[in-house]
Every structure is written in C-alpha cells, then in structure tokens.
Amino acid sequence: MPKTKPTKIITVANRLPVTISDTIRKSPGGLVSALDGVKEEFQLHWIGWPGIVTDNPKRQKEIRHQLSKYDFSPVFLSENEVDDYYQGYSNSALWPAFHYFPHYVRVEDNWWKSYQEVNRKFAERIIKEAQPEDLIWVHDYHLMLVPGYVKKVRPELKIGFFLHTPFPSYEIFRCLPHRKEILEGVIRADLIGFHTYGYLRHFRSSLIRLLNIEAEMDGFGLDNKRTSMGVFPIGINAKSFVEGIKTPECKKHLKQLKQTYKGRKIVLSVERLDYTKGVIRRLRAIEKFLQRRPKHDDVVFIFISVPSRDVVKEYTQLREDISSMIGRINGAFSDIHHTPIHFIHRSVEFSELCALYSAASVAFVTPLIDGMNLVAKEYLACHKDGKGSLILSEFAGAAHELYDAIIVNPYDIESMVSGLERAVDTESHDQHRSSIMRQHILEYDSQNWARAFIRSLVHTPDYRSPSSQTNESLKRMVQSVRKAKSAAVFLDYDGTLREFERYPRHAKPTQDILKLLKKLASKFDVYILSGRKSEDLQEWMGQLPITLISEHGYQIRFAGHEKWKRMQKSLNLSWKQQILEILERYVATTPGSFIEDKNCAIVWHYKRSDPEFGAWKSQLLLGMLSEMTGNLPVEVHQGHFTIQISAVQVSKGAAIQQCLSKKNYDMILCAGDDQTDENMFRVDHPALQSIKVGDGETAAAFQVKDPSALRSLLNKLAAPAK
Ligand code: GDG
C-alpha cells in the first residue's frame with residue numbers, strides 16, 4: 001500500500017528556536033522538545049521571528065535559505081516592530097495584565113498598531129504557506145490576533161491556540177483598552193488551550209461578559225461553527241534531564257559544586273529575572289529564616305537569574321532592588337567563611353543547570369503568579385532518589401499538579417519561612433512525596449502534552465463551506481415558497497427579524513425591515529408572532545397589511561383590521577399572583593433583573609444582571625418553578641436572558657394552528673430564535689417549513705446565522721420573479 005503523507009503541523013511562535021550570529025544554531029527550547037515526541041506521526045514546520053533585526057534583503061535571503069534546511073520559515077521584524085510589538089504591546093501591556101500587574105500596564109499609541117501589523121505579518125505567512133490539510137498551532141500572547149486574520153482568508157484551516165501564561169480574571173483583563181479585539185482574534189481558533197482550569201474559567205467569563213458569547217466550559221458556538229476549549233498542562237522534556245544528569249560534563253560540575261558547598265545544603269532558585277517571580281518576597285523570607293536560625297552557615301541560597309527585558313523600566317528597577325536587598329542580607333549574615341546568598345545574573349549551560357538541580361537539597365520556587373513553571377518540574381526530574389524538596393508557590397500553574405510539594409503562599413512571608421524550615425530539615429515523608437511527583441512528571445512530559453493538544457485539534461469539527469448541501473436545500477426551499485400559489489410566513493420579531501437591543505423599547509423596526517414586510521405582504525400572508533404586548537406591535541407595525549399576534553398568541557389583529565381580539569375564549573390566570581411573589585424575591589436578590597407583567601404571562605428578565613450570576617439564578621428559578629408548577633395550568637420557557645411563565649393554552653404553536661384552521665396554504669414558512677418558537681417548529685403540517693435563527697439545538701429544518709441572514713433570505717423570497 002502506498003504510504004500516505006503525514007499531516008504537517010505548522011508551529012507559529014513569536015520566536016523561532018534558533019540563535020543567529022555568524023552561524024545559525026538550533027536552540028532546543030521547551031516547544032522543540034515537546035514537538036519531538038510527535039515527529040513520527042506529523043511533519044513539522046515552524047514560523048517565527050529569528051531573533052535578529054536586518055533589513056538587508058541579501059542577508060534576509062541568506063537566513064531564509066539556511067533556515068529552510070530545518071523547515072523554519074522566518075518572519076523578519078524591523079527595529080520599530082521589536083520595540084512596539086514585542087517590548088511594547090506584548091511585554092509592557094499584555095504580560096503585566098495577564099500576570100495581575102495592571103499598574104504596570106502601559107499602552108502607547110503606536111504599540112497596538114504595531115501589534116496588529118506584526119500579527120498580520122504572521123498570518124500572511126501562514127496563509128501563504130499552509131496547505132488545506134495542515135494543522136496550525138499558534139502559541140502565546142504575542143500572537144492572539146493571528147487566528148482571526150488567518151480564518152478571514154482561509155476558513156478551512158484548522159487552527160489551535162495555546163496560551164502559555166495565565167489568563168487573568170475578567171476584572172483585570174477588562175483594564176486592557178483592546179480587550180474586545182484581542183478576544184475577537186483568538187476566538188476564531190478551532191481549539192484554545194490553557195494550563196489550568198482557572199485560566200480557562202477566566203477566559204470563558206471574559207467571553208460571556210465582553211462578547212456576549214454563551215460559552216460553556218468546553219467551548220462555544222460562533223457563526224454556526226464550534227470552538228473547543230480545554231486544559232492541557234504542559235510537561236517538561238523529562239528524558240533530556242534524566243539523561244542530562246548522567247553526562248560527564250554534568251558529573252564534573254556536580255563534583256565541583258559538592259566540593260565548594262561541602263557541609264552546606266543548597267537552596268536553589270532558577271528563573272528569568274521578572275517581577276512575576278516574587279524574588280523580593282522570597283528574599284524577605286530568606287532574611288527572616290536567617291534571623292531565626294542561630295547557626296545558619298549550613299545553608300546556602302543560589303539564585304540563577306537570567307537577564308531579561310532589560311529595556312523595560314520595571315525590569316531595571318527590579319534588578320536594582322534585588323541587588324540592594326541581597327547586599328543588605330549578605331552584609332548582615334556573612335562572615336569570612338560563608339556568604340548566605342549567591343546571586344548569578346546570567347544563564348548557565350544545560351549541563352551546569354542539571355548539576356545545580358541535582359546538587360540542590362531544596363528548590364525554592366515562589367512566583368507571585370506563573371502560567372505553569374517548568375523549573376519546579378525540571379528540579380524533580382533530576383532527583384531520582386526522591387531526596388530533593390520542592391517549595392512551590394500556590395500561584396504557579398504547576399501547583400495544580402504538584403500538590404505534594406511544600407505549597408506556600410508567597411504573599412505570606414511566614415508561610416515561606418516555615419516552608420523553608422521544613423524543607424531544609426527534610427522529613428522522610430517529603431522524600432516519598434517527591435518520588436510520587438517525579439513519576440507524574442516523567443509520565444506527563446512535554447511530548448504527552450503536545451500529543452494531547454494535537455489530537456484534540458484533529459478532532460475539532462471540520463469546516464463546512466457555505467456552499468454545502470444545507471445551503472443548497474435552503475435555496476430549494478425558498479424557491480418552492482416563491483412558487484406557491486398561496487403561502488403564509490410566520491415570523492417572530494426580537495432576535496429573529498430584528499437584532500436584540502439592550503433596552504427592548506429600542507428594538508424598533510428599521511425602515512428596511514418595514515419595507516421588507518411590505519414587500520413580503522404583497523406576495524404572501526404575513527404574520528408577526530411575538531412575545532411582545534399588542535401596544536408595541538400596533539405602534540411599530542400597525543400600519544402594515546400584515547397580521548399581528550401578541551404575547552405568544554394571546555391577542556390577534558388581522559391584516560386590514562383595526563381591532564385586537566383575544567385568541568382564547570376563556571383563560572385561567574389564577575396562578576399569576578403566586579408566581580409574581582416568587583419572581584419578586586428573585587428581583588430583590590438578583591441586581592439588574594426585573595419583571596414584565598403581561599396579560600397571560602409573566603417574564604423575568606436578567607439581561608442586565610451579571611451574566612454568570614444571572615444565568616446561575618435562572619437555573620435555580622427554573623428548578624423551583626418546575627417543582628411548583630406541576631399542577632398549575634402554565635408553561636415555563638427559558639428564552640434569551642428571560643424566563644417566561646405563561647398560560648398553557650397560549651403558545652405560538654397553538655396560535656399557528658388556529659390560523660391554519662381558518663385558511664389553507666400550499667406552503668407555510670415560520671422563523672424564530674428561541675425556545676418559545678420551538679413549538680411553532682413542531683406543528684405537524686405537511687407544508688410547514690421552519691428556520692431557526694442562531695446556534696443551538698432546534699426542531700427547525702433549517703438554521704441561519706442571525707437576523708441579518710434571515711432578512712436577506714426574506715428579501716430573496718419577496719423579490720419579483722425573474
Ligand atoms: C512561559 C510561562 C510556562 C532558566 N534559566 C536557565 C534555563 N532556564 C530554563 C528552565 C526552564 C525555562 O528556562 C523557564 O521555565 P518557565 O516555566 O518559566 O518558562 P518560560 O518559557 O519562561 O515561560 C511559564 C512556560 O511558558 C511553558 O508553558 O511554564 O509559566 O511564563 O525550562 O530550565 N536554562 C538554561 N540555563 C539557564 O540559566 N539552560
């Protein structure tokens with residue numbers, strides 16, 4: 001059998017894993033090793049900035065050529081783009097916002113423009129290079145607009161987006177001036193992944209609040225397409241550390257370390273110098289620990305602090321604060337033989353890093369917040385004997401998996417000091433716990449992570465082009481209504497013919513809608529079947545030659561008539577008072593909600609309440625109503641931010657049937673958007689065709705995206721025959 005070509009994964013990240021100087025070196029970062037694990041199944045291609053600024057076309061061509069050997073495709077950035085998109089918007093606005101430092105967020109005018117331009121550059125590269133069957137995997141906060149830009153041009157491409165940082169709570173995220181645009185870009189991906197459930201929950205909450213998207217925990221519908229969301233905690237390349245500690249270079253470093261620090265326990269911190277890492281608070285804890293320990297020359301603290309973003313002012317300030325604090329502590333606690341803190345402000349070779357991890361009795365990892373934190377995992381991977389103790393901040397994503405570590409609160413200095421005391425004087429059960437965590441790390445490594453994400457991406461639904469069969473049959477249905485000798489068109493109003501407004505009174509029909517109804521009425525019998533009161537319908541559409549039905553079928557005004565009539569002869573409304581009392585209690589305890597008291601129905605509206613709280617209270621109310629209305633002549637419906645309790649004799653289905661019993665039609669078309677319209681769709685009539693407006697489960701035969709899509713369909717219906 002001929003071998004089928006493996007699927008290509010196009011990994012798109014701000015930075016390509018290369019270092020370019022006189023030569024080009026591939027640099028083995030976390031992502032490279034993660035993707036190594038899927039090399040057998042997939043072909044790998046990378047798009048990213050090569051980390052060098054050059055506007056010389058000859059040099060660019062040369063670099064492009066060299067990188068193509070690795071399957072890397074460089075996106076070149078100008079000096080201004082590095083300043084504005086990278087140092088600016090990405091690292092001085094998004095990074096602090098996503099890490100709960102809103103007071104560090106700065107946004108200069110050209111930064112956002114540059115962020116958009118560079119994201120567009122990346123998108124253009126994907127659009128140019130991707131084949132329809134390729135999988136696109138976009139990484140991190142630098143490139144959040146890329147999925148939106150790509151999908152506009154290549155909707156068929158499957159795109160996954162993974163956020164390596166935390167996603168902050170809505171209250172923080174909303175501080176960003178371009179919060180909506182950022183979400184609108186990223187939601188176009190087919191799969192969006194986070195390290196923890198907490199970040200996913202915050203992201204969902206922002207979607208609900210800022211974009212009015214009714215997102216579930218596992219995803220949301222958008223334009224008749226579903227975007228999935230999931231939790232994929234990243235692992236480390238465990239094998240490289242297990243092997244790394246066995247190499248001669250590592251063993252050499254280890255021997256040196258053991259000699260230098262003989263008789264002392266090493267407490268190790270490794271990180272990029274960043275305000276999120278909690279170094280100042282950690283130093284405070286160390287100072288207190290030293291004060292409390294009469295003889296402290298048996299412990300040494302080593303900091304590997306990799307220089308980072310030193311053009312950003314907060315980072316230079318932090319560097320100075322750390323230096324002066326270390327100077328003060330070392331000054332107070334050193335003697336001729338011993339200095340408690342060794343601060344190394346540079347990166348170390350991989351073999352030296354492995355040796356440091358191995359030599360350290362304790363890893364002191366106390367970020368104020370961290371997407372995951374790989375150092376905690378790497379440290380444990382280097383301790384086969386389980387002897388290392390891990391002190392881990394509860395604010396690191398890793399704490400969700402490594403719950404057997406000594407978990408501390410970095411805002412509580414005392415908690416860190418007692419964690420240190422416990423770790424330095426390790427008890428045997430801590431060793432056992434470290435072994436259990438190590439086992440987990442070896443199993444759930446970076447390759448496992450990449451595989452899990454890619455498999456989920458593969459399983460997201462495929463793109464259905466608008467020219468698919470559904471559209472063809474919709475067209476055929478429109479044709480058959482057009483050709484009918486006598487046809488009726490039943491239309492719901494809010495959310496169907498007209499978009500919702502924040503205030504229902506503002507949802508007046510536009511001139512275009514009025515014209516459309518008039519045109520339709522010249523060819524068909526048109527019925528507006530709404531939940532609104534007759535006053536609204538009369539005021540807005542009373543002048544048109546169409547039949548108006550108010551309150552889901554309570555009153556009717558026939559086309560060409562003045563008067564409104566009741567549709568039922570008798571109605572039992574004795575239940576209203578009892579229901580009103582309950583709803584009043586809900587209004588009192590759900591800020592923003594209110595009651596609409598209609599003739600044969602009562603509606604509880606919660607559109608203006610907090611969306612998550614309102615949705616939760618609506619579920620409570622539904623539960624209570626379903627229990628207590630069992631013996632009452634009512635129906636309970638959940639609508640668009642509403643719960644409606646109405647007399648059982650009154651429903652859109654019953655209203656349609658009453659109309660159909662008076663006149664015969666060859667074709668009947670009905671359209672609606674919410675649950676109250678579903679019993680209209682379920683009416684059993686051979687000539688009935690139904691259209692649901694919007695996403696979601698429905699009994700309707702057809703679905704269109706939104707009111708504007710329905711209007712364009714109705715316009716086709718009303719157009720004169722060619
Ligand atoms: C993002 C998120 C999330 C550090 N110093 C040296 C060195 N390192 C290596 C470590 C580790 C990595 O850098 C730092 O780990 P982080 O977890 O902080 O990862 P980042 O890429 O900075 O950050 C973070 C991560 O993405 C993954 O999703 O965990 O929360 O912010 O691998 O070993 N390596 C060498 N010498 C050093 O001096 N060789």
Side-chain angles (χ1 to χ4, degrees), residues 11 13-15 17 19 25 27-35 90-91 94-101 137-143 161-168 193-196 198-199 231-238 240-241 244-245 247 249-250 253 268-279 302-309 315 342-358 360 363 365-382 392-393 395-402 441 444-446 448-450 452-453:
T11 306
N14 169 59
R15 194 66 166 79
T19 315
R25 259 188 317 123
S27 42
L31 261 187
V32 178
S33 62
L35 288 157
S90 299
N91 288 339
L94 292 179
W95 176 269
F98 283 15
H99 288 84
Y100 291 79
F101 280 81
W137 190 359
V138 182
H139 291 265
D140 232 359
Y141 61 99
H142 314 90
L143 302 176
F161 178 87
F162 189 82
L163 185 67
H164 289 264
T165 64
F167 192 89
F194 304 90
H195 285 308
T196 72
Y199 310 154
V231 175
F232 304 89
I234 197 169
I236 57 160
N237 184 1
S240 74
F241 286 92
I245 51 173
T247 60
E249 300 86 36
C250 173
H253 285 302
L268 178 68
S269 295
V270 177
E271 60 227 338
R272 214 170 29 76
L273 191 125
D274 197 292
Y275 48 78
T276 60
K277 299 293 180 182
V279 179
I302 298 181
F303 281 76
I304 305 294
S305 182
V306 181
S308 153
R309 303 178 192 171
Y315 288 76
H342 291 224
F343 185 75
I344 297 155
H345 189 42
R346 62 171 170 82
S347 67
V348 295
E349 287 290 320
F350 181 68
S351 56
E352 198 178 348
L353 182 69
C354 290
L356 279 161
Y357 281 148
S358 280
V365 185
T366 60
L368 300 176
I369 179 129
D370 210 334
M372 172 55 74
N373 195 290
L374 301 177
V375 168
K377 293 186 172 182
E378 292 167 357
Y379 171 74
L380 290 170
C382 290
L392 181 60
S393 158
F395 295 99
H400 292 254
E401 287 172 90
L402 307 178
I441 286 161
Y444 294 93
D445 61 0
S446 54
N448 194 309
W449 167 77
F453 187 88

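We count residues from 1, following the sequence as given. We count ligands from 1, going down the list as the structure has it; atoms in each ligand are counted the same way.
Looking at ligand 1, you'll find an N or O of N373 within less than 3.5 Å of one of its N or O atoms. In terms of N/O distances under 3.5 Å, ligand 1 is approached by G371. Annotation: I234 places no N or O atom under 3.5 Å from an N or O atom of ligand 1; distance criterion only. Residue K277 has at least one N or O atom closer than 3.5 Å to an N or O atom of ligand 1. For ligand 1, none of its N or O atoms has an N or O atom of W95 under 3.5 Å away. Ligand 1 has an N or O atom lying under 3.5 Å from an N or O atom of M372, backbone or side chain.
Protein heavy atoms all stay at least 4.0 Å away from atom 9 (C) of ligand 1. Distance check on atom 23 (O) of ligand 1: every protein heavy atom falls at or beyond the 4.0 Å cut-off. Atom 12 (C) of ligand 1 is not flagged as protein-proximal [any protein heavy atom, distance under 4.0 Å]. Within the 4.0 angstrom cut-off, atom 34 (N) of ligand 1 has one or more protein heavy-atom neighbours.
Closest to atom 27 (C) of ligand 1 by heavy atom, among R272, H164, H139, is H164. Looking at L31, V348, L163 and measuring to atom 38 (O) of ligand 1, the nearest heavy atom belongs to V348.
Within the listing of ligand 1, atoms 38 (O) sit less than 4.0 angstrom from a heavy atom of I304. Applying the 4.0 Å criterion to heavy atoms of L353 picks out, from ligand 1, the atoms 33 (O), 34 (N), 35 (C). Counting atoms of ligand 1 from 1 in the listed order, those under 4.0 Å from a heavy atom of V306 are 5 (N), 6 (C), 38 (O). Ligand-side atoms of ligand 1 in range of E378: 10 (C), 11 (C), 32 (O), 33 (O), range being under 4.0 angstrom from any heavy atom. Listed by number with element, the atoms of ligand 1 under 4.0 Å from a non-hydrogen atom of L374 are 15 (O), 16 (P), 17 (O), 27 (C), 29 (O). The ligand atoms of ligand 1 that sit less than 4.0 angstrom from a heavy atom of S347 are 37 (C), 38 (O). Close approach to V270 involves these atoms of ligand 1, each under 4.0 Å from a residue heavy atom: 4 (C), 5 (N).
A tilted orientation is assigned to the rings of W449 and H139, their planes being inclined by 30° to 60°.
Of the possible donor and acceptor atoms, none in the side chain of S393 sits under 3.5 Å from a partner among the backbone N and O of L368. Without hydrogens or angle criteria, Y357 side chain to E378 main chain gives no donor-acceptor distance under 3.5 Å. The closest donor-acceptor contact from the side chain of Y199 to the backbone of L163 lies at 3.5 Å or more, if one exists at all. In terms of modelled atom types and a separation under 3.5 Å, the side chain of D140 and the main chain of H164 share a donor-acceptor contact. Side-chain atoms of K377 do not come within 3.5 Å of backbone N or O of L402 as any donor-acceptor pair.
Contacts with ligand 1 closer than 4.0 Å are made by no heavy atom of I236, backbone or side chain. Only the side chain of H195 comes within 4.0 Å of ligand 1, counting heavy atoms alone; its backbone N, CA, C and O stay farther away.
Taking 4.5 Å as the limit, every side-chain heavy atom of P367 sits out of range of all side-chain heavy atoms of F395. In this structure, the side chains of V365 and N373 come closer than 4.5 Å at one or more pairs of heavy atoms.
Between F453 and F161, a ring centre-to-centre spacing not shorter than 6.0 Å is recorded. Taking the centre of each ring, F303 and H345 stay at or above the 6.0 Å mark. For an aromatic pair to be called close, the ring centres must be under 6.0 Å apart, and F98 with F167 satisfies this.
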Next on the checklist: I'd like to know whether F350 forms a ring-ring contact (aromatic ring centres under 6.0 Å, His included) with F241, so could you lay out the CA-CA distance, the side-chain angles of the two residues, the decisive distance to 0.1 Å, and finally the verdict.
Outcome noted: CA-CA 9 Å; F350 181 68; F241 286 92; 5.1 Å; yes
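Applying the 6.0 Å contact sphere to CD of E249 captures more than 12 heavy atoms from other residues, nucleotides or ligands.
What sits closest to atom 14 (C) of ligand 1 on the protein, heavy atoms only, is V375 CG2, 4.4 Å. Protein heavy atom closest to atom 30 (O) of ligand 1, with residue, atom name and distance, is D370 OD1, 2.5 Å.
Taking E271 as the reference, R282 meet the salt bridge (charged side-chain N to carboxylate O under 4.0 Å, His left out) condition, with sequence neighbours excluded.
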